[in-house]
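The sequence lines fix the lettering, A, B, ..., with proteins before strands; numbering per chain opens at 1.
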There are 2 protein chains.
Amino acid sequence: MKRPLRLLRGCLGMVVMTTLKDIGRALGLSVTTVSRALNDFPEVSPQTRLRVRAAAERLGYQANRSAQRLATGRSGMVGMIVKTSADYRADQTFMEILVGMSAALAARDTDLVLAVDQGRDPVEPYRRMLGRDLLDGFILNAPVTDDPRISYLNERGIPLVVHGRDRMDADYPFFTIDNHAVAAESVQLLTALGHRRIAYLNGPAQYSYAARRAQGYRAAMAEAGLPVLEGALTHDPPTAAAGYRQALSLLAGQRGAPPTAFICGSLLLAEGVMHATVDLGLSVPRDVSVMAHDDGLPMLRASSFTPALTVTHAPLHDACVPLANALVDLIGGADPKSLQVLNRAELIVRDSTGPAPETGRTPWP
Amino acid sequence: MKRPLRLLRGCLGMVVMTTLKDIGRALGLSVTTVSRALNDFPEVSPQTRLRVRAAAERLGYQANRSAQRLATGRSGMVGMIVKTSADYRADQTFMEILVGMSAALAARDTDLVLAVDQGRDPVEPYRRMLGRDLLDGFILNAPVTDDPRISYLNERGIPLVVHGRDRMDADYPFFTIDNHAVAAESVQLLTALGHRRIAYLNGPAQYSYAARRAQGYRAAMAEAGLPVLEGALTHDPPTAAAGYRQALSLLAGQRGAPPTAFICGSLLLAEGVMHATVDLGLSVPRDVSVMAHDDGLPMLRASSFTPALTVTHAPLHDACVPLANALVDLIGGADPKSLQVLNRAELIVRDSTGPAPETGRTPWP
DNA sequence: TGTACGACTCAAAGCGCTTTGAATAAATTT
DNA sequence: AAATTTATTCAAAGCGCTTTGAGTCGTACA
């Protein structure tokens with residue numbers, strides 16, 4: 001049979017790929033030996049290994065992933081599925097994770113395939129990607145409590161790592177910050193300053209990180225002997241508009257005594273709260289204290305707020321390398337449990353938090 | 001040789017894939033015929049085709065992409081390379097394109113592989129991805145003027161589509177709005193309202209869209225017989241902070257007569273300008289007119305500004321389906337020139353633009 | 001001197017698919 | 001009725017890689 005014309009190589013001007021055979025021919029070796037040399041098998045002699053390495057380098061060899069995958073069943077590709085909803089697309093955190101993961105995976109010679117979830121069934125896109133592409137594993141982020149996607153993949157033994165954690169007794173690799181502590185420590189900082197009416201502007205309730213922070217908030221309030229006021233724990237997407245709206249409503253609304261302090265689930269919420277205080281003629285931190293959790297997103301610096309914002313700080317960025325390594329190791333057969341990380345956020349006190357205003361003082365209109 | 005143990009199928013609980021052979025066996029046909037039936041070859045009889053279709057459906061057959069790729073040289077995957085810089089990650093437009101493209105490509109049964117550009121050489125990541133994965137093509141966005149990545153891929157005959165256009169005589173498929181017109185029409189609207197000192201807060205100068213808008217701005221100003229004031233054409237990343245800073249500097253700075261109107265390259269810049277006007281005690285549109293280009297990003301609505309913002313409007317979203325189709329068609333052998341789209345942005349006049357203040361009036365401090 | 005063993009190397013099979021070239025059966029023509 | 005076309009189908013090769021099982025050479029042992 002003559003060489004088929006269908007190959008793209010050459011005809012479309014594609015970079016001509018060097019194959020194992022090319023290296024073998026150049027060195028007078030078999031493809032077997034070349035393959036083994038490159039894959040660090042013990043039975044190839046050191047000098048041969050070196051010769052092969054050099055030739056591979058010289059000829060610009062890069063393994064053909066398709067062939068590798070076909071032969072091994074591994075693809076060197078992992079998937080990540082993102083939602084198409086407006087609030088997802090608008091949320092910088094996802095881009096941060098996406099870019100970070102891609103970079104971290106590249107260091108482990110793994111590619112990231114993106115797919116979108118457009119439907120009602122959250123596991124459908126995973127099913128589709130699995131059937132079609134033989135991905136090696138998945139990265140999942142922003143899990144909801146008892147996430148059905150996680151169960152689906154876990155039951156089938158499909159490697160996955162999660163940014164976040166959908167339940168306490170997780171048996172998959174994850175990287176998450178201690179969201180309970182994030183909320184509780186914030187409350188503790190504020191109660192230590194004498195605040196008693198503390199509002200928590202949380203993320204959307206379905207996300208497990210938000211549920212966990214709500215727990216932390218409630219626990220710390222209870223521990224301080226403080227009631228959680230009506231409407232003082234809210235759930236919104238991380239936007240300045242939502243923060244503004246909620247702060248306005250809580251500070252100027254008719255819901256009883258307004259809070260003297262706000263804890264925000266994100267810097268954007270805090271931004272909205274700050275605006276609301278300005279519009280109401282309130283001073284931060286004299287009249288109201290404001291703090292937030294800071295995901296370390298680019299171009300959004302807590303230290304650049306006026307006044308500089310007190311935060312719990314845990315860059316999303318930090319999760320990517322551990323997660324990428326965990327996933328690749330997991331695919332390589334590592335123990336899932338050994339790849340679990342619970343990180344602590346750092347408390348950074350700046351200028352937006354101060355002593356609670358004296359009792360009885362009502363600075364707002 | 002016995003069945004090797006190395007395969008993931010089964011051992012890791014992976015979904016067991018149905019192969020062509022399975023279908024063939026079930027129907028008493030050869031893999032050849034099954035393959036042809038599924039790929040709509042003319043030489044297979046209609047009834048056989050139907051039988052095969054049914055069996056494939058029933059058995060949940062999905063082609064193994066690796067095998068297909070290995071055999072055809074095509075992968076059914078295209079690449080998109082994103083930058084890791086902070087301003088890129090913070091820029092919502094990229095997430096919008098990424099998600100939109102992924103969705104649009106899925107409809108054409110094509111996957112999107114993400115890679116990151118971390119280095120100094122803009123073509124390096126493309127070279128790497130090409131050598132390694134045999135992607136079928138690339139999507140490129142935010143080209144700079146005479147973009148080296150485009151030249152690199154074009155010279156090698158690698159299919160690519162571009163969101164934007166790096167030069168006027170582009171010979172690749174692209175989708176872009178008429179950025180010259182975007183700027184020119186904005187200027188014309190404002191000059192018709194009597195404005196003579198019009199500032200243009202543009203995107204970063206290296207991007208071709210920004211360069212093109214600068215041209216449009218200059219051309220329209222010249223046509224109206226107006227000079228471009230010192231410092232009235234600025235280049236910044238699309239952030240509210242930049243808009244605020246520039247507006248403040250132009251309105252309150254010592255750079256001669258301040259502008260009576262601002263055209264902003266993005267809603268975020270406009271947001272900053274609006275804040276600046278508020279802080280300076282200026283009224284929009286009485287003292288200053290403000291307009292912007294609106295990319296139709298989620299959670300950022302020009303109509304929700306106060307006052308509602310006059311814009312040129314062209315949702316990024318609209319580019320994705322045409323681009324995805326163009327890329328898949330191009331890979332299929334279509335003529336690049338036939339896949340070029342130059343779209344017009346829509347001018348939407350709202351409440352942020354009004355007649356120029358009377359000459360001599362100087363409302364600012 | 002012969003045998004056994006280790007150290008390397010290799011040919012060949014197979015992953016699932018597409019495609020070539022040939023074979024078979026049926027329909028048409030001479 | 002034989003020869004030719006047409007309509008289907010098939011076996012086999014090959015894509016580049018990994019892995020198996022079988023050599024081939026020395027060197028160390030008996």
Side-chain angles (χ1 to χ4, degrees), chain A residues 1-11 14 16-25 27-52 56 59 61-76 131-134, chain B residues 1-11 14 16-25 27-52 56 59 61-76 131-134:
Chain A
M1 173 188 290
K2 67 170 185 293
R3 173 70 164 288
L5 290 174
R6 67 197 132 94
L7 281 188
L8 287 183
R9 313 186 318 167
C11 11
M14 277 228 173
V16 176
M17 284 186 59
T18 337
T19 70
L20 286 188
K21 201 196 284 188
D22 295 330
I23 299 180
R25 184 149 18 84
L27 261 44
L29 289 171
S30 71
V31 290
T32 311
T33 306
V34 176
S35 170
R36 301 197 134 137
L38 291 174
N39 290 339
D40 280 326
F41 276 58
E43 58 265 68
V44 49
S45 76
Q47 66 192 32
T48 308
R49 191 192 315 284
L50 253 52
R51 283 207 309 149
V52 171
L59 298 173
Y61 172 79
Q62 288 192 279
N64 179 325
R65 277 287 167 74
S66 307
Q68 260 178 340
R69 169 202 279 184
L70 194 54
T72 61
R74 296 267 179 77
S75 66
R132 116 108 92 44
D133 261 321
L134 213 57
Chain B
M1 172 190 288
K2 67 169 185 291
R3 172 73 164 286
L5 287 176
R6 65 195 132 96
L7 281 187
L8 287 183
R9 314 186 317 167
C11 11
M14 277 227 173
V16 175
M17 284 186 61
T18 348
T19 71
L20 285 187
K21 202 196 286 187
D22 296 329
I23 299 181
R25 183 148 21 83
L27 262 42
L29 289 171
S30 72
V31 290
T32 312
T33 306
V34 176
S35 170
R36 301 197 133 138
L38 291 174
N39 290 342
D40 280 325
F41 276 57
E43 58 266 66
V44 49
S45 77
Q47 67 193 33
T48 307
R49 189 192 317 284
L50 252 53
R51 283 206 309 149
V52 171
L59 299 172
Y61 173 79
Q62 287 192 280
N64 180 326
R65 276 285 168 74
S66 306
Q68 264 180 335
R69 171 200 278 183
L70 192 54
T72 62
R74 296 266 180 78
S75 66
R132 118 107 91 44
D133 261 321
L134 213 55

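Spacing between atom CG of A:Asn39 and atom P of D:dG16 amounts to 17 Å, rounded to whole angstrom units. Nucleotide D:dG16 holds its P atom 15 Å from the CD atom of A:Gln62, rounded to whole Å. As rounded to whole Å, 10 Å separates atom P of C:dG16 from atom OH of B:Tyr61. Spacing between atom CG of B:Asp22 and atom P of C:dG16 amounts to 9 Å, rounded to whole angstrom units.
A search for side chain to side chain donor-acceptor pair (under 3.5 Å) contacts involving A:Thr48 returns A:Ser45, not counting sequence neighbours. For A:Arg51, there are no salt bridge (charged side-chain N to carboxylate O under 4.0 Å, His left out) partners, not counting sequence neighbours. Evaluation of the side chain to side chain contact (heavy atoms under 4.5 Å, CB included) rule for B:Glu43 yields B:Arg36, B:Phe41 as partners, not counting sequence neighbours. Residues forming a side chain to side chain contact (heavy atoms under 4.5 Å, CB included) with A:Ser35 (at least two apart in sequence, or on another chain): A:Leu20, A:Asn39.
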Short heteroatom pairs, N/O only, protein and nucleotides 5-9 of chain C, under 3.5 Å:
from  : atom 1 : to      : atom 2 : distance (Å)
C:dT9 : OP1    : A:Thr48 : OG1    : 2.7
C:dT9 : OP2    : A:Ser45 : N      : 3.3
C:dT9 : OP2    : A:Thr48 : OG1    : 3.3

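Five base pairs at each end of the helix from C:dT1-D:dA30 to C:dT30-D:dA1 define two local axes, and these are offset by 70° (rounded to 10°).
Side chains of A:Asp40 and A:Arg49 form a contact here, defined as non-hydrogen atoms less than 4.5 Å apart.
When the nucleotides D:dC10, C:dC17, D:dT19 are ranked by their closest atom to the side chain of B:Asn64, C:dC17 comes out on top. With C:dT18, D:dC17, C:dG16 as the choices, the nucleotide that has an atom nearest any side-chain atom of A:Ala67 turns out to be D:dC17.
Using a 4.0 Å cut-off, some side-chain N or O of A:Gln68 falls inside it from OP1 or OP2 of D:dT18.
Each of A:Thr19, A:Val52, A:Val44 was scored for a side chain to side chain contact (heavy atoms under 4.5 Å, CB included) with A:Val34, with one residue passing: A:Val52.
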